[in-house]
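Each remark here refers to the structure printed beneath this line.
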Amino acid sequence: MRLGVLDVGSNTVHLLVVDAHRGAHPIPMTSEKSILRLAEQLDDKGQLRKTGADQLVRAVAAAKASAKRSGCEDLMAFATSAVREAGNSAEVLDRVRTETGVELKVLSGEDEAKYTFLAVRRWYGWSAGKLLSLDIGGGSLELAIGRDENPDLAFSVPLGAGRLTRTRFVKDPPRRSEVRETTDWLAEQLAPVARKLKRAGEPDRVVATSKTFRTLARLTGAAPSSAGPRARRVLTDAGLRQLIAFISRMSASDLAELEGVSTSRAHQLVAGALVAEATMRALSLTQLEICPWALREGVILRRLDHTDGTDQSDTGRTGQTGARWS
């Protein structure tokens with residue numbers, strides 16, 4: 001079965017096409033991204049501007065056409081914090097549905113944490129024991145812990161790398177005072193969640209996912225993407241602190257020149273690093289493993305759980321127009 005998953009995030013609209021069936025390892029076939037930075041296109045009232053909505057409609061229509069050309073039997077489309085928090089999200093979603101035929105499902109922050117946790121659990125298996133998963137997105141930070149495929153606790157807090165860049169930093173690079181104040185502020189924001197996670201018991205394995213953590217690990221010496229998804233990659237607290245001391249003095253244009261740093265995300269790298277360091281400190285973590293699977297893979301895996309590979313009449317599948325797959 002060829003499936004497409006369309007992820008409308010704070011920074012990008014990302015289409016991932018995979019070949020997969022229940023009980024098998026999903027095989028990525030193609031991956032396409034459009035950089036929209038929707039979170040930066042909200043007006044003073046928190047509504048997505050018309051220009052941003054126009055770009056979103058075009059990007060979704062293009063992704064749908066690409067999925068069709070790729071032979072996808074199903075297209076699962078979802079949106080995260082940027083659309084979720086827009087004051088006019090209902091209008092934007094209705095316009096996308098009317099003009100493209102694609103129904104975007106808006107995930108809650110807790111759903112994001114749960115789908116990501118499922119992907120991490122499937123990647124590492126039951127032998128990993130109690131897992132703690134962390135994911136820094138553009139708008140939010142997701143955390144989840146548990147021994148099963150559904151976490152015992154799942155949290156989403158508005159501490160995304162893009163959000164902090166917009167709300168905490170004035171200069172590029174940020175002033176030292178901005179870095180210090182943001183570090184202290186993050187400690188305060190994370191303390192309540194950290195207390196709840198610590199009460200759940202010590203994890204056997206701590207795992208981080210997605211682009212921010214992968215980039216930070218690469219900049220501290222982890223294997224490049226060319227080494228493949230199964231290369232073991234870690235991020236240590238000591239390496240991260242040294243990295244912050246280095247990158248916090250660099251402009252976004254200079255950061256974009258570093259290996260592994262994309263131009264579209266360079267401006268929010270420092271904020272992402274501060275969130276990662278504050279999270280590790282709040283949870284008393286010295287090392288994280290980097291998992292190649294994250295939210296999109298979790299969505300795919302859950303969709304596959306809803307079919308036996310033959311009769312899909314009751315899975316909520318809606319073909320090329322999106323899917324009810326939760």
Side-chain angles (χ1 to χ4, degrees), residues 9-11 39-40 42 80-82 84-85 109-110 112-113 116 132-145 153-200 203 206-217 219-220 234-252 255 261 265-288 290 294:
S10 297
N11 295 304
E40 298 178 16
L42 301 179
T80 55
S81 63
R84 181 171 68 233
E85 297 175 8
E110 184 176 337
E112 288 188 58
T116 300
L132 170 62
S133 68
L134 311 173
D135 187 320
I136 300 171
S140 58
L141 163 69
E142 276 69 50
L143 312 92
I145 191 170
L153 295 173
F155 300 100
S156 178
V157 289
L159 300 177
R163 186 192 301 271
L164 264 66
T165 301
R166 295 190 304 274
T167 60
R168 303 291 305 185
F169 298 158
V170 176
K171 297 293 185 178
D172 176 26
R175 299 187 184 100
R176 292 189 180 183
S177 60
E178 291 177 330
V179 172
R180 287 195 302 270
E181 291 166 4
T182 299
T183 298
D184 293 341
W185 178 81
L186 282 168
E188 296 175 1
Q189 299 299 307
L190 285 165
V193 173
R195 284 195 293 270
K196 294 176 182 178
L197 288 169
K198 286 182 175 181
R199 283 200 292 268
V206 184
V207 178
T209 70
S210 295
K211 183 65 173 180
T212 296
F213 276 115
R214 289 200 306 270
T215 300
L216 295 172
L219 290 174
T220 57
V234 299
L235 176 65
T236 66
D237 59 340
L240 183 54
R241 285 194 299 270
Q242 292 174 2
L243 179 65
I244 290 172
F246 175 63
I247 64 174
S248 62
R249 294 175 170 83
M250 299 175 65
S251 67
L255 289 171
V261 179
R265 294 176 183 266
H267 68 295
Q268 63 186 45
L269 181 62
V270 174
L274 293 179
V275 174
E277 198 274 334
T279 303
M280 293 182 73
R281 190 184 330 111
L283 295 171
S284 304
L285 305 174
T286 59
Q287 180 174 286
L288 310 170
I290 307 300

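As the structure is a prediction and not an experimental result, all values here were calculated from the model.
Proximity of L143 to V157: side-chain heavy atoms (C-beta onward) are separated by under 4.5 Å at one or more points. For the pair S140 and P158, the minimum side-chain heavy-atom distance is 4.5 Å or more. Taking 4.5 Å as the limit, some side-chain heavy atom of Q268 sits within range of a side-chain heavy atom of N11. Within the 4.5 Å cutoff, the side chain of L159 has heavy atoms near those of the W185 side chain. Side-chain atoms of L283 and L134, non-hydrogen and from C-beta on, do get closer than 4.5 Å to each other. Side-chain contact between I244 and E277: present, with at least one pair of heavy atoms (C-beta onward) separated by less than 4.5 Å. Counting heavy atoms from C-beta outward, P174 and V270 have side chains that approach closer than 4.5 Å. Looking only at side-chain heavy atoms (C-beta outward), L164 and L274 stay at 4.5 Å or farther from each other.
The shortest heavy-atom contact between S210 and A294 is OG-CB, 3.5 Å. The two residues S81 and G139 come nearest to each other via the heavy atoms OG-CA, 3.4 Å. Scanning all heavy atoms of the two residues, the minimum distance from L216 to A276 falls at CD1-CB, 3.8 Å. Looking at every heavy atom in both residues, S10 comes nearest to T80 through N-OG1, 4.3 Å. Listed here is the closest heavy atom pair of A82 and G9: CB-O, 4.2 Å. Closest heavy-atom contact between R163 and E85: NH2-OE2, 2.7 Å.
For the atom pair E40 CD and H267 NE2, the distance stands at 4.0 Å (nearest 0.5 Å). Here the CD1 atom belonging to I247 is positioned 6.0 Å from the CG atom belonging to L255, to the nearest 0.5 angstrom. Summarising the geometry, atom OG1 belonging to T183 is positioned 9.5 Å from atom CZ belonging to R168; distances are rounded to the nearest 0.5 Å. One distance of note links CG of L285 with OG1 of T236; it measures 12.0 Å at 0.5 Å rounding. Note: T286 OG1 to R281 CZ = 14.0 Å, rounded to the nearest 0.5 Å.
For the side-chain contact (heavy atoms from CB on, under 4.5 Å) test with T212, the passing option among L269, L141, I136 is I136; the others fail.
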Using residues 188-199 as the side-chain source, report each donor-acceptor pair under 3.5 Å to any protein atom, sequence neighbours left out, with the distance given to one decimal.
{"unit_1": "K198", "atom_1": "NZ", "unit_2": "A282", "atom_2": "O", "d": "3.1"}
{"unit_1": "K198", "atom_1": "NZ", "unit_2": "S284", "atom_2": "OG", "d": "3.3"}

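With sequence neighbours left out, D237 forms a salt bridge (charged side-chain N to carboxylate O under 4.0 Å, His left out) with R241. Residues passing the salt bridge (charged side-chain N to carboxylate O under 4.0 Å, His left out) test with R214, sequence neighbours excluded: none. Scanning for salt bridge (charged side-chain N to carboxylate O under 4.0 Å, His left out) contacts around R166 gives an empty result, with sequence neighbours left out. Residues satisfying the salt bridge (charged side-chain N to carboxylate O under 4.0 Å, His left out) test with E110, not counting sequence neighbours, are K114.
Within the structure, salt bridge (charged side-chain N to carboxylate O under 4.0 Å, His left out) contacts touching residues 133-143 (residues at least two apart or in different chains) do not occur.
Counting only distance, with no hydrogens or angles, the side chain of R249 and the backbone of A245 share a donor-acceptor pair below 3.5 Å. In this structure, the side chain of E178 engages the main chain of V170 through a donor-acceptor pair within 3.5 Å.
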